Amino acid sequence: RYTSLKGLKQLMGISDLLLIAVGLSMDAFAVAVSCGLVLCFIKLRPTLRIAGSFGLFQGIMPLIGFAIANTFSDKFAAVDHWIAFGLLSFVGGKMLWEAIKGEEELPADPSRWDNVLVMAVATSIDALAVGASFALRPHKGIFALSYGYLLASAVIASITFSICAAGFVIGCRFGNKFGKKAEIIGGLVLIGIGIKILLEDLILS
């Protein structure tokens, strides 16, 4: 995985950075699709809120990871998958609960700021580890530039935003076909992504 510290053994060029950005955005893409499944309608505001938040956090986290790499990277790498699992399971479980409670209740809204922020943090935790690995790379290629780390983060943020916006639209298209069941599907997808992140790190570690 590009999101693993072990997977970044070679200095990256721009092509490697693009691949890393796409790899980091895959979990966020899946979550964006599940959000679209639940909302079932395409509007600019929720699209920008979800895709923008996911992209912003994916861009900020590498910078934070880079800043604290020498002190906390190894310790954080040991628990990042548990944090992602807990956050995604929390939001997914809440969506399931709200969907099952009853017909008179308002449907779960994954585009609410509280839900969006939790999901954005959960799907960007791997980017923190990647940013920590950046600090261990020689200052060559992209990182030879004075603004290299900012450029890398901007590329990751932009690609994540674009992919998540597309994922949200795709989810909305299919959500119209599933109706009420889409809320349950969306919650299960979030929990499933959390389990996937947890198992991948436990098995590969």
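Treat the numbers as computed from the prediction; the structure is a model and nothing was measured.
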Short side-chain to backbone donor-acceptor contact, Q58 and T123, under 3.5 Å: yes
Nearest 0.5 Å please: distance from the CZ atom of R49 over to the CG atom of L44. 11.0 Å
Calculate, to the nearest 0.5 Å, the distance between atoms CE and SG belonging to M26 and C164 respectively. 8.0 Å
Within-4.5 Å side-chain heavy-atom neighbours: M119 and C35: yes
Could you give me the CA-CA distance, side-chain angles and deciding distance for L63 and L150, then say whether side-chain contact (heavy atoms from CB on, under 4.5 Å) is met? CA-CA 8 Å; L63 295 178; L150 292 175; 3.9 Å; yes
When rounded to the nearest 0.5 Å, the distance separating CZ of F29 from CD1 of I163 is 8.0 Å
Looking at OG of S53 and CH2 of W113, how far apart are the two atoms once the value is rounded to the nearest 0.5 Å? 4.0 Å
Which pair of heavy atoms, one from I125 and one from V121, lies closest together, and at what distance? CG1-O, 3.1 Å
Of the non-hydrogen atoms in P62 and I156, which two are nearest, and what is the gap between them? CG-CD1, 4.1 Å
side-chain contact (heavy atoms from CB on, under 4.5 Å) assessment of V22 paired with L18: CA-CA 6 Å; V22 172; L18 293 176; 5.6 Å; no
How long is the straight-line distance from CG of L48 back to OG of S111, given to the nearest 0.5 Å? 11.5 Å
Considering all heavy atoms, the nearest P110-V116 contact: O-CG2, 3.3 Å
Are I170 and R173 packed together at the side-chain level, in the sense that at least one heavy-atom pair is separated by less than 4.5 angstrom? no
Checking side-chain contact (heavy atoms from CB on, under 4.5 Å) for the pair F57/T160: CA distance, chi angles, key distance, verdict? CA-CA 9 Å; F57 275 82; T160 300; over 6 Å; no
In Å and rounded to the nearest 0.5 Å, what is the CD1 to OG distance from I195 to S89? 6.0 Å
Decide side-chain contact (heavy atoms from CB on, under 4.5 Å) for V33 and F168; before the verdict, give the C-alpha distance in whole Å, the side-chain angles of both, and the deciding distance to 0.1 Å. CA-CA 5 Å; V33 171; F168 181 77; over 6 Å; no
